[in-house]
Amino acid sequence: MSVHKEVKKVTTHQLQEMKRRGEKISMLTAYDYTMAKIIDHAGIDVILVGDSASNVMAGHETTLPITLDQMIYHASSVVRAVDRALVVVDLPFGSYQGNSKEALTSAIKIMKESGGHAVKLEGGREIKDSIERILSAGIPVMGHLGLTPQSIYKFGTYTVRAKEEEEAQRLLEDARILEECGCFALVLEKIPAKLATEVAKSISIPVIGIGAGGGVDGQVLVTHDMLGMTHEFSPRFLRRYLSLYESMTGAFQQYIKDVKSKDFPNEGEQY
Ligand code: KIV
């Protein structure tokens, strides 16, 4: 008799059931095998291989430079680590905005070469055709509205979006369009909590917020931010669960001291 217990994988359908039951959805980013293994083991529902890898892993100022092949490298490392979570992979800037055929080709390449379970695209009505074409190939799509970092040069700042009535109305309409065209869930980034709650109430697919308050169906944070590994970034919505920047610096300094003082390695740490 086998004692191996089969892990029940999170599916897009289950996330929709969670919304129906009122159970909140947890989502975090990961870009590498080791981090993804820990996050999955902790019991997260969704892992996002975000194009924030461009900032967090590569040190770029924006998410624009990361390429499709680089996203595939990150995503395939994450997929190898994950037993349970649903792995969603960002389509990077320039890989889907041209036309729907280009979007489909990029989404297929990500699914084939990374083994991810779904893709995420930023935008509303202007990318509807692309979303529909990707969905027609059987690839689940997560939407992303509000602050959309791939359009940073259009907006000029990372401030809260949709504070004015006209933009709020447009966002609400876009959320409905994304639901109608078949997205399984939606990320809302940095918009007023009241508007995010209204969006979550008016559509049946899960709405996952970052800086969008507690009235939505789930929350996502960038893992390196919530662990306190990054310390120059401190938006109001960010809750830090650890101060790893300080504790890691302390560990590195201790190691340097131990090497210099010949304390490391000791008798028991050699062959
Ligand atoms: O790339 C990313 O990490 C994201 C989240 C902030 C939602 O899109």
Side-chain angles (χ1 to χ4, degrees), residues 15 24-32 35-36 39 44-68 70-75 77-78 85-97 106-107 110 114 116-124 127 131 140-152 155 157-162 171 175 178 183-191 196 199-200 205-213 216-227 229-230 233-240:
L15 298 178
K24 298 282 184 183
I25 296 163
S26 59
M27 172 158 134
L28 282 171
T29 59
Y31 322 108
D32 70 277
M35 190 71 91
I39 297 172
I44 203 83
D45 298 312
V46 185
I47 293 185
L48 172 65
V49 185
D51 59 359
S52 50
S54 178
N55 313 101
V56 179
M57 302 306 281
H60 292 296
E61 213 172 291
T62 71
T63 57
L64 276 65
I66 199 159
T67 65
L68 192 57
Q70 287 165 343
M71 286 302 297
I72 289 168
Y73 167 77
H74 288 297
S77 308
V78 167
L86 184 85
V87 179
V88 180
V89 186
D90 265 341
L91 280 188
F93 177 70
S95 72
Y96 63 97
Q97 290 90 346
S106 302
I110 286 208
S114 79
H117 310 137
V119 295
K120 177 163 82 59
L121 283 72
E122 293 182 7
I127 55 160
I131 292 176
V141 176
M142 178 180 268
H144 184 153
L145 296 172
L147 174 62
T148 46
Q150 291 181 9
S151 312
I152 185 58
F155 295 105
T157 70
Y158 287 101
T159 51
V160 180
R161 295 289 192 270
L171 188 143
L178 294 184
C183 286
F184 73 89
L186 185 62
V187 165
L188 284 184
E189 182 165 353
K190 223 170 171 187
I191 62 165
V199 173
I205 57 172
V207 173
I208 303 184
I210 173 164
V216 290
D217 308 302
Q219 299 293 326
V220 55
L221 284 175
V222 170
T223 295
H224 290 66
D225 295 337
M226 63 84 82
L227 291 178
M229 288 175 92
T230 49
F233 179 67
S234 267
R236 185 198 298 192
F237 67 77
L238 175 60
R239 184 179 292 182
R240 290 194 204 284

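Please read these numbers as outputs of a predicted model, since none were measured by experiment. Computed over heavy atoms, backbone and side chain alike; hydrogens, waters and symmetry mates excluded. Order of listing sets the numbers, starting from 1, for every ligand and every atom in it. One is the number of the first residue; the rest follow in order along the sequence.
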Side chains of Arg161 and Thr148: do they bring a donor and an acceptor to under 3.5 Å? no

Heavy-atom contacts with Thr29 under 4.0 Å: which atoms of ligand 1 show up? List them by number with element. 3 (O)

Quick one: does Lys120 get within less than 4.0 Å of ligand 1, heavy atoms only? yes

When you measure from the heavy atoms of Glu122 to every atom of ligand 1, does any distance fall below 4.0 Å? no

Please work out, at 4.0 Å between heavy atoms, whether the side chain, the backbone, both, or neither of Asp90 comes within that distance of ligand 1. side chain

If you count every heavy atom of other residues, nucleotides or ligands that lies below 6.0 Å from Phe237 atom CZ, does the total exceed 12? yes

Would you say the side chains of Asp51 and Gln150 form a donor-acceptor pair under 3.5 Å? yes

In sequence, state the C-alpha distance, the side-chain angles, and the governing distance for Asp217 and Lys24, and then conclude on side chain to side chain contact (heavy atoms under 4.5 Å, CB included). CA-CA 5 Å; Asp217 308 302; Lys24 298 282 184 183; 5.7 Å; no

Return the residue, atom name and 0.1 Å-rounded distance of the protein heavy atom closest to atom 3 (O) of ligand 1. Ser52 OG, 2.5 Å

By number and element, which atoms of ligand 1 are closer than 4.0 Å to a non-hydrogen atom of His144? 8 (O)

Who's the nearest protein heavy-atom neighbour of atom 4 (C) of ligand 1, and how far? Leu48 CD2, 3.5 Å

Atoms of ligand 1, numbered as shown, that sit under 4.0 Å from any heavy atom of Ile210: 6 (C)

Is there side-chain contact between Ile39 and Met27, with heavy atoms separated by less than 4.5 Å? no

When you compare ligand 1 with Glu189, is there at least one nitrogen or oxygen pair between them that comes in under 3.5 angstrom? no

Under 3.5 Å, is there a donor-acceptor pair linking the side chains of Asp225 and Thr230? yes

May I ask you to check whether Tyr73 and Ser114 show a side-chain donor-acceptor distance below 3.5 Å? no

